[in-house]
Amino acid sequence: DAKTTQPTSMDCAEGRAANLPCNHSTISGNEYVYWYRQIHSQGPQYIIHGLKNNETNEMASLIITEDRKSSTLILPHATLRDTAVYYCIVAPYGSSNTGKLIFGQGTTLQVKP
Amino acid sequence: DGGITQSPKYLFRKEGQNVTLSCEQNLNHDAMYWYRQDPGQGLRLIYYSQIVNDFQKGDIAEGYSVSREKKESFPLTVTSAQKNPTAFYLCASSILAPSYNEQFFGPGTRLTVL
């Protein structure tokens with residue numbers, strides 16, 4: 001079973017920030033938080049990952065709470081092309097890393113004009 | 001261009017026939033993965049391989065088989081023992097690094113068993 005909980009769906013207006021929450025209350029100290037997204041009928045795409053500090057790249061920002069039990073993915077200026085299913089995944093690093101990822105059902109983000 | 005190719009994009013087979021899905025990568029990645037996705041659901045891991053000539057079962061391996069004879073290739077065979085094979089199949093690859101898990105996905109093969 002997935003170790004994360006996400007809302008089933010969310011809407012966002014085009015040009016506004018999209019904030020996607022994720023609960024991972026059982027996360028271990030040696031696990032990263034990853035975000036992937038899947039545009040309809042395509043393979044998933046890596047977005048960002050983090051351990052405990054906030055992270056930003058050209059696609060998004062990741063805010064992780066101090067207790068690491070939840071996180072928020074932020075798309076700062078959502079466009080129609082950001083309409084997709086967003087998956088929040090926790091996975092170990094270091095010697096426990098098998099490369100496996102467990103995908104839950106994710107959040108379907110609908111960006112509206 | 002580097003990437004992962006899956007062929008064919010759409011595949012139709014009669015019930016009771018085995019079918020092999022192709023996955024090739026030119027990213028020089030050590031690890032490769034096969035996932036299955038049913039409508040409205042997340043991805044479920046079928047098999048994965050971290051090195052040539054070695055592979056491990058994922059969460060739903062029953063009715064499937066794989067081989068990893070070359071680093072670049074990881075074909076998946078859907079056998080007649082798979083009870084409900086109609087699904088979207090995704091192949092992925094990654095480097096093997098202790099620090100993180102960025103997997104690169106192919107475009108997928110949509111298998112329909114009639």
Side-chain angles (χ1 to χ4, degrees), chain A residues 1-9 22 27-53 55 57-60 62 64 84-108 110, chain B residues 3-7 9-10 21 23 25 27 29-51 54-61 68 74 87-112:
Chain A
D1 290 338
K3 298 170 64 175
T4 62
T5 304
Q6 300 177 251
T8 301
S9 63
C22 179
I27 192 170
S28 300
N30 68 336
E31 290 181 317
Y32 278 121
V33 179
Y34 293 85
W35 284 84
Y36 281 74
R37 74 178 182 184
Q38 185 178 24
I39 296 170
H40 183 63
S41 295
Q42 297 182 21
Q45 175 192 23
Y46 165 85
I47 301 172
I48 198 168
H49 76 281
L51 184 60
K52 54 184 177 181
N53 298 319
E55 302 288 344
N57 63 20
E58 65 279 3
M59 291 183 67
L62 174 60
I64 302 174
V85 178
Y86 288 78
Y87 297 100
C88 171
I89 302 166
V90 296
Y93 64 90
S95 59
S96 301
N97 183 10
T98 63
K100 293 171 59 177
L101 297 175
I102 299 175
F103 289 79
Q105 295 196 346
T107 296
T108 299
Q110 182 72 48
Chain B
I4 300 177
T5 57
Q6 291 186 244
S7 60
K9 187 174 179 65
Y10 297 95
L21 281 58
C23 178
Q25 55 98 0
L27 300 168
H29 286 170
D30 289 303
M32 298 186 74
Y33 312 83
W34 273 106
Y35 294 89
R36 168 184 173 138
Q37 187 173 35
D38 293 288
Q41 304 297 313
L43 284 67
R44 291 184 290 168
L45 183 65
I46 305 173
Y47 268 99
Y48 66 104
S49 169
Q50 296 181 322
I51 194 170
D54 189 40
F55 46 83
Q56 286 77 40
K57 293 181 179 180
D59 300 319
I60 55 165
R68 186 86 186 277
F74 191 40
F88 187 44
Y89 290 87
L90 287 155
C91 179
S93 71
S94 71
I95 63 172
L96 274 181
S99 58
Y100 77 107
N101 273 326
E102 180 178 355
Q103 293 187 12
F104 294 79
F105 284 82
T109 292
R110 197 167 297 277
L111 173 65
T112 301

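So you know, we letter chains A, B, ... as the sequences are listed, proteins then strands, and number each from 1. Keep in mind that the numbers below use all heavy atoms, side chains included, and drop hydrogens, waters and symmetry copies.
- Proximity of a side-chain donor or acceptor of A/Y36 to a complementary backbone N or O of B/Q103 within less than 3.5 Å is detected.
- A/F103 contributes atom CZ, which lies 14.0 Å from atom CZ of B/R44 (distance to the nearest 0.5 angstrom).
- For chain A, the nearby part of B/L90 is the side chain; its heavy atoms alone come within less than 4.5 Å.
- Counting heavy atoms of neighbouring residues, nucleotides and ligands inside a 6.0 Å radius, atom CD1 of B/I51 does not exceed 12 of them.
- Remark: A/Q38 CD to B/F88 CZ distance equals 6.5 Å, nearest 0.5 Å.
- With a threshold of 4.5 angstrom between heavy atoms, B/F104 does not approach chain A through any atom at all.
- The two atoms that bring B/Q41 and A/Y87 nearest to each other are O-OH, 4.0 Å, heavy atoms only.
- Heavy atoms closer than 4.5 Å to chain A are found in the side chain of B/Q50, but not in its backbone.
- Atoms CG and CG, on B/L43 and A/L101 in that order, are 9.5 Å from each other to the nearest 0.5 Å.
- Annotation: residues 45-52 of chain A contacts chain B through A/Y46, A/H49 [non-hydrogen atoms, separation under 4.5 Å].
- Shortest non-hydrogen contact noted between A/S41 and B/R110 is OG-NH2, 3.5 Å.
- The two residues A/K100 and B/Y33 have their closest heavy-atom pair at N-CE2, 4.4 Å.
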